[in-house]
Amino acid sequence: MYTRTNPFIARIKERYLLTGPASTKRTYHIVLDVSSGPLNFNVGDSIAVLPQNDPHIVKELLHRLNLTGDETIFDSRSSTESTLKQYLLEKANLAKTNSNFIKLLQTYGASLENLLENKAELNLFLQSHSVLDILKRHFKIMLSAQELASHLMPLMPRFYSIASSPKIHPDEIHLTVAFLTYTLQGEKRHGVASHFLCDQAEIESTSIPIYVQPSNGFTLPHPDTSILLIGPGTGVAPFRAFLQERLAHNAKGRNWLFFGERHRNADFYYESFFKELEKQSLLRLDTAFSRDQAEKVYVQHKLLENAASVWDWIQTGAHLYVCGDAEKMAKDVDAALQQIVREQGGLSEEDSRLYLKRLRSEKRYLLDVY
Ligand SMILES: Cc1cc2nc3c(=O)[nH]c(=O)nc-3n(C[C@H](O)[C@H](O)[C@H](O)COP(=O)(O)OP(=O)(O)OC[C@H]3O[C@@H](n4cnc5c(N)ncnc54)[C@H](O)[C@@H]3O)c2cc1C
Ligand SMILES: NC(=O)c1ccc[n+]([C@@H]2O[C@H](COP(=O)([O-])OP(=O)(O)OC[C@H]3O[C@@H](n4cnc5c(N)ncnc54)[C@H](OP(=O)(O)O)[C@@H]3O)[C@@H](O)[C@H]2O)c1
């Protein structure tokens, strides 16, 4: 059994852009080679990736503190020794710090007192400054290798939905990874794990430590049961796996996918696979390309356009799945489903809410949102 402290070492076999040259984002299809397994997993499961920090950031940090990286440090979390460089690359969160780090700097005279007294301001500061940002602001402060290592938060694993079926690709795990970029302190920044997977890791060479994070019931029902899949953006990943698995089992249940992204011509992930299934009448496909017209069109708009049919699928036992953004999408989709139940089923506000609640408790309405 592979775990965070005993991960499986995979390598990237293949990596290509799912987004076209005209896209305003970069999303990659990544194929991990897991042939040296066995690594047991099912569709619906996720993979936890233990990423590495950007070596350029580590180098800059070491340079800033006049350290070489060869210093030996003791990691009290794992009770192991390593070089500072290895610790900074693999174990430390360099993007965010906490009040312990601020307190340490204070002992060296950094003028950050007010920050510790004002929780809201402190949180804002911690959210918007990396370790290096803070040390650059307090350029006179020097820390020892051990002091630095002992005051950093741990680098956490990142999760990615498995986008392939082990029945079709037994020696591989496919992922659909959005490359996260944003601007902070006037500088372009990358998400740690998406940068590692999409850019830094070398094909067939870099070790990718992973383990399986089993889904909590987010998996296929009986092969005869209809499934209604709602997966905009990278939320489509597990549904590619579901559909591959249904093909492998020659499953008789109906499949309906709602996919959404920014532009049809640049962001239609796995278009040929889904179109081919549609052509063979193995998939009903509805798409919402949000930025192809003046008004935003999202997956929930497509659900509402097809309200009578969606209600019919629900009434005849279909299982509903939602994957992708938790903050807004999943809530808006839930509201649309509630509207469909209310209007099509002639139920009150309260009864339509209870109806969806019951579907959830019966594990017929499942979410994997992040
Ligand atoms: C169960 C599960 C399944 C998932 N499946 C997938 C999947 O299939 N595909 C996929 O791509 N992702 C998936 N994710 C999300 C994934 O785990 C990572 O969270 C994502 O890739 C970002 O990680 P990162 O290390 O690249 O970014 P991080 O280094 O974690 O950076 C993200 C952080 O950057 C900061 N940030 C972001 N934007 C800004 C901004 N504008 N200003 C200031 N700060 C900002 C925020 O603090 C944010 O928390 C899944 C998550 C879960 C929990
Ligand atoms: N922090 C950031 O800046 C940032 C940016 C992108 C993604 N993310 C996060 O990264 C993860 C992966 O993102 P992703 O690449 O899979 O794509 P995504 O950002 O989830 O977008 C996929 C599609 O969903 C649309 N969308 C936006 N709001 C929606 C809503 N309320 N309901 C339904 N659809 C909605 C988007 O439209 P529009 O974009 O045209 O509105 C786009 O067409 C998500 O967790 C997301 O929240 C963060």
Side-chain angles (χ1 to χ4, degrees), residues 18-19 23-30 44-54 57 93-97 123-124 126-130 133 153 155-164 173-200 212-216 218 230-241 258-264 266-269 287-304 322-336 367-370:
L18 291 168
T19 43
S23 182
T24 47
K25 55 165 55 172
R26 278 161 70 188
T27 298
Y28 285 85
H29 184 70
I30 294 176
D45 291 346
S46 296
I47 282 294
V49 173
L50 307 176
Q52 264 187 37
N53 283 306
D54 185 342
I57 296 177
N93 183 344
L94 303 183
K96 299 264 155 61
T97 53
N123 282 338
L124 201 66
L126 296 176
Q127 287 302 316
S128 55
H129 291 79
S130 68
D133 291 334
M153 294 196 293
L155 183 59
M156 301 303 282
R158 309 298 202 270
F159 300 96
Y160 295 92
S161 308
I162 295 175
S164 55
I173 287 179
H174 297 197
L175 306 177
T176 311
V177 182
F179 189 1
L180 180 75
T181 56
Y182 56 97
T183 304
L184 207 57
Q185 309 297 325
E187 260 179 38
K188 190 171 174 188
R189 313 274 166 118
H190 305 296
V192 175
S194 55
H195 188 210
F196 174 61
L197 289 170
C198 298
D199 198 53
Q200 288 178 290
V212 174
Q213 179 75 19
S215 80
N216 185 17
F218 190 88
I230 304 159
T234 52
V236 79
F239 303 146
R240 180 179 182 264
F258 291 83
F259 172 70
E261 248 305 335
R262 293 179 181 174
H263 299 287
R264 177 181 293 274
D267 307 308
F268 197 162
Y269 311 159
T287 50
F289 291 98
S290 55
R291 303 189 190 185
D292 275 350
Q293 57 287 304
E295 295 289 310
K296 291 273 185 182
V297 175
Y298 290 150
V299 283
Q300 60 270 27
H301 300 125
K302 294 291 160 183
L303 284 166
L304 291 168
V322 181
C323 184
D325 174 52
E327 207 184 317
K328 294 197 189 114
M329 183 278 294
K331 291 177 188 136
D332 292 349
V333 164
D334 187 78
L367 283 89
D368 188 14
V369 294
Y370 42 88

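Start at 1 and go down the list; that is how both ligands and their atoms are numbered.
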Counting from 1, what ligand 1 atoms have a heavy atom of [X] closer than 4.0 Å?
X: A193; result: 24 (P), 25 (O), 26 (O)
X: F159; result: 2 (C), 3 (C), 4 (C), 5 (N), 6 (C), 13 (C), 14 (N), 15 (C), 16 (C), 17 (O), 50 (C), 51 (C), 52 (C)
X: V192; result: 24 (P), 25 (O), 26 (O), 27 (O), 28 (P), 29 (O)
X: T176; result: 7 (C), 8 (O), 9 (N), 10 (C), 11 (O)
X: D368; result: 1 (C)
X: K96; result: 46 (C), 47 (O)
X: L180; result: 27 (O), 31 (O), 32 (C)

Check whether any heavy atom of [X] sits under 4.0 Å from an atom of ligand 2.
X: D332; value: yes
X: E327; value: no
X: Y370; value: yes
X: K331; value: no

Identify, by atom number and element, the atoms of ligand 2 in contact range of A178, meaning under 4.0 Å from any of its heavy atoms.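 Listed by number with element, the hits are 15 (O).
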What are the atoms of ligand 2, with element, lying closer than 4.0 Å to any heavy atom of K328?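 So the atoms of ligand 2 that pass are 31 (N).
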Heavy-atom protein neighbour under 4.0 angstrom from [atom]:
atom: atom 13 (C) of ligand 1; answer: yes
atom: atom 10 (O) of ligand 2; answer: no
atom: atom 5 (C) of ligand 2; answer: no
atom: atom 21 (O) of ligand 1; answer: yes
atom: atom 30 (C) of ligand 2; answer: yes

Closest protein heavy atom (residue, atom, distance) for [atom]:
atom: atom 12 (C) of ligand 2; answer: T234 OG1, 3.6 Å
atom: atom 47 (O) of ligand 2; answer: D325 OD1, 2.8 Å
atom: atom 33 (C) of ligand 2; answer: Q300 OE1, 3.1 Å
atom: atom 24 (O) of ligand 2; answer: P232 CB, 3.9 Å
atom: atom 39 (O) of ligand 2; answer: R291 NH2, 2.7 Å
atom: atom 18 (P) of ligand 2; answer: K25 NZ, 4.1 Å
atom: atom 1 (N) of ligand 2; answer: L180 CD1, 4.4 Å
atom: atom 26 (N) of ligand 2; answer: Y298 CE2, 3.3 Å

Taking [X] for the side chain and [Y] for the main chain, is one N or O donor matched with an acceptor at less than 3.5 Å?
X: Q200; Y: L197; value: no
X: R264; Y: F289; value: no
X: D368; Y: F218; value: no
X: T176; Y: A237; value: no
X: D267; Y: H263; value: yes
X: Q185; Y: H129; value: no
X: D334; Y: K331; value: no
X: S164; Y: A241; value: no

R158: which residues meet the salt bridge (charged side-chain N to carboxylate O under 4.0 Å, His left out) condition with it, sequence neighbours left out?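 Salt bridge (charged side-chain N to carboxylate O under 4.0 Å, His left out) check on R158 returns nothing, list empty.
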Quick check: does [X] get an N/O under 3.5 Å from an N/O on ligand 1?
X: T183; value: no
X: S46; value: no
X: V177; value: no
X: S194; value: yes

Close N or O approach (T27, ligand 2; < 3.5 Å):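 No; the residue has no nitrogen or oxygen that sits under 3.5 Å from a nitrogen or oxygen of the ligand.
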Would you say Y269 and ligand 2 have an N/O pair spaced under 3.5 Å apart?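 It does not: no N or O of Y269 is found under 3.5 Å from an N or O of ligand 2.
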If you measure from [atom] to every heavy atom of [options], which option wins on shortest distance?
atom: atom 44 (N) of ligand 1; options: F218, F179, Y182; result: Y182
atom: atom 40 (O) of ligand 2; options: H301, K296, K302; result: K296
atom: atom 8 (O) of ligand 1; options: S130, S161, G231; result: S161
atom: atom 36 (C) of ligand 2; options: G233, S194, S290; result: S290

Aromatic rings H174 and H29: how do their planes relate, parallel, tilted or perpendicular, breaks at 30° and 60°?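 It falls in the perpendicular class, over 60°.
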Could you tell me whether ligand 1 has any atom less than 4.0 Å away from a heavy atom of R189?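 The answer is no, since R189 has no heavy atom less than 4.0 Å from ligand 1.
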Out of Y28, F259, F239, which residue meets the ring-ring contact (aromatic ring centres under 6.0 Å, His included) rule with Y269?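 Exactly one candidate clears the test, F259.
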Examine the proximity of ligand 1 to Y160 and report which part, side chain or backbone, both or neither, has a heavy atom under 4.0 Å away.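 Both backbone and side chain.
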Of the backbone atoms (N, CA, C, O) and the side-chain heavy atoms from C-beta on, which set of L175 has a member under 4.0 Å from an atom of ligand 1: side chain, backbone, both, or neither?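 L175 to ligand 1: no contact under 4.0 Å from either part.
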Roughly how far, to the nearest 0.5 Å, is the NE2 atom of H195 from the CZ atom of R189?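 Going from the CZ atom of R189 to the NE2 atom of H195 covers 13.0 Å.
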